[in-house]
Amino acid sequence: MLDYAHALRILLDTIRPLAPVEAPLADALGLVLAAPVQARWDLPPADNSAMDGYAFAHAGQRAGDSLRVSGFLPAGAVQKTALTPGEAVRIMTGAPLPPGADTVVPSEEVESAGDEIQLRKAPKLGDHVRLRGEEFVAGETLLAPGTAIHSGEIGLLAAAGVTRISVYPTPRVALLSTGDELVELGETPGPGQIINSNFHLLAARLREEGCAVIPLGIARDRAGELDEKIARGLAEADLLITTGGVSVGDRDLVQETLRRHDFRLGFWKVAIKPGKPVLFGTARSVPVLGLPGNPAASAATFELFARVALRRLGGHGDPLPPRLRAILTAPVKGGGKRQAFLWGSLTEAAGRYAFSPSSRQESGQTRSLQGSRALLPVPIGAPDLAPGEEVEVLLLRLPPGRATP
Ligand code: AMP
Ligand code: MG
């Protein structure tokens, strides 16, 4: 059976980033830049004051020297007349220096009396002045393709006057739940029925990843119903995710239906636990992931494959989950014939992370992943692990913060 690393390789080689789009800066949050961005102007646009204080021409001023204050420059004001030697202006942070000025002394470093100030200490040439173009100059490349746009990047581009940028769009993901036993949330399950909880978990997880969700509802285990919904998903989405109906014992209709839509199989069945029956391929060139129906298995295969697929579609150069070193708090049984992925919580104390495996790891249990922030990979044939050992976990969510400073 295919191992996880090999399956990932197939997935990454199959999926290409979506075609870039032009987006207003504010809509680009969380997306990845597809083309370099240049600054439209210099920042700062002019030499300006970094402090509330007094601007003057340095000209060898020493401690004890006096200057005559001839004006006041709040932020936004511009003075065109040049300062003469021995003259200063009161200036606020951000105001452009008047011509002739090259140095600023903070208000708290002068004695002031009427329109005279006396320097308490010798200023250095250029003190407290932000120079024109010190952050960037017009035409400078500010961000390279592949950069993820977070608040810091938005602030930088806004300061540079960039209103629209080329980004990989938010993937649209169609979610289809399959199974005769499923009923929608809000209904009361009858005998043999359960709520379609996978949809809610995956839809929430997709929203966390910034994706648009196209809900396709529940398809009964009947070819006609599946076909219609799969066709809709392939027409409207960048990625189709199904749950259920991929295991052997099941009436495996998902793959059968996909075959009517130019299905190219990437892989079916991977040596992982949970999630062995996971299916991947493309249908009409749209990537499709068939996740197992068991809730913890569908959630795990989402993290192991779907999230990677989404980040690949979104143009991320680093589509795999981040890894974190953590100290194990409980014993873990060694690896078997499949690579195991254990749900667990993550805490931080004294600068170290600790991973506590969840007491429930059954793929059928919805409670296995509640509170989980990481998955611990246990490689095939790995030895038993003891508490206190350092392990590397796949980070799903950052550990909680601290309650006290
Ligand atoms: P399957 O992969 O279709 O064989 O389903 C495996 C198990 O997962 C069965 O016990 C199903 O009842 C359960 N299951 C399948 N789909 C869902 C779903 N959408 N929500 C919750 N449980 C599900
Ligand atoms: Mg089923």
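In this chain, residues are counted from 1 in sequence order. In each ligand, atom 1 is the first atom listed, and ligand 1 is the first ligand listed.
- Ligand 1 places these atoms under 4.0 Å from at least one heavy atom of Ser197: 20 (N), 21 (C).
- The N/O atoms of Phe199, backbone and side chain alike, include none that comes under 3.5 Å of an N/O atom in ligand 1.
- Atoms of ligand 1 found under 4.0 Å from any heavy atom of Ile194 (numbered from 1 in listed order, with element): 12 (O), 21 (C), 22 (N), 23 (C).
- Considering backbone and side-chain N/O atoms, Leu182 never comes within less than 3.5 Å of an N/O atom of ligand 1.
- Annotation for ligand 1: atoms under 4.0 Å from non-hydrogen atoms of Gly245 are 1 (P), 2 (O), 3 (O).
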Under 3.5 Å, side-chain donor or acceptor atoms of residues 153-174 against the rest of the protein: list the pairs with distances, not counting sequence neighbours.
unit_1, atom_1, unit_2, atom_2, d
Glu153, OE1, His150, N, 3.0
Arg172, NE, Asp238, OD2, 3.2
Arg172, NH2, Asp238, OD1, 2.9

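- Residues in residues 263-285 take part in these salt bridge (Lys or Arg N to Asp or Glu O under 4.0 Å) pairs, two or more places apart or across chains: Asp262-Arg264.
- A tilted orientation is assigned to the rings of Phe267 and Phe280, their planes being inclined by 30° to 60°.
- Using a 3.5 Å distance cut-off with no hydrogens or angles, the side chains of Gln361 and Ser368 do not pair a donor with an acceptor.
- Taking the ring centre of Phe302 as origin, the terminal cationic atom of Arg205 falls outside the region bounded by 6.0 Å and 45° from the ring axis.
- When only modelled atom types and interatomic distance are considered, Ser177 and Asn196 share a side-chain donor-acceptor pair under 3.5 Å.
- Residue contacts with ligand 1 include Ile195, since one of its heavy atoms falls under 4.0 Å from the ligand.
- Of all the atoms in ligand 1, the ones that sit under 4.0 Å from a non-hydrogen atom of Thr243 are 19 (N).
- Under the 4.0 angstrom criterion for non-hydrogen atoms, Ser247 is in contact with ligand 1.
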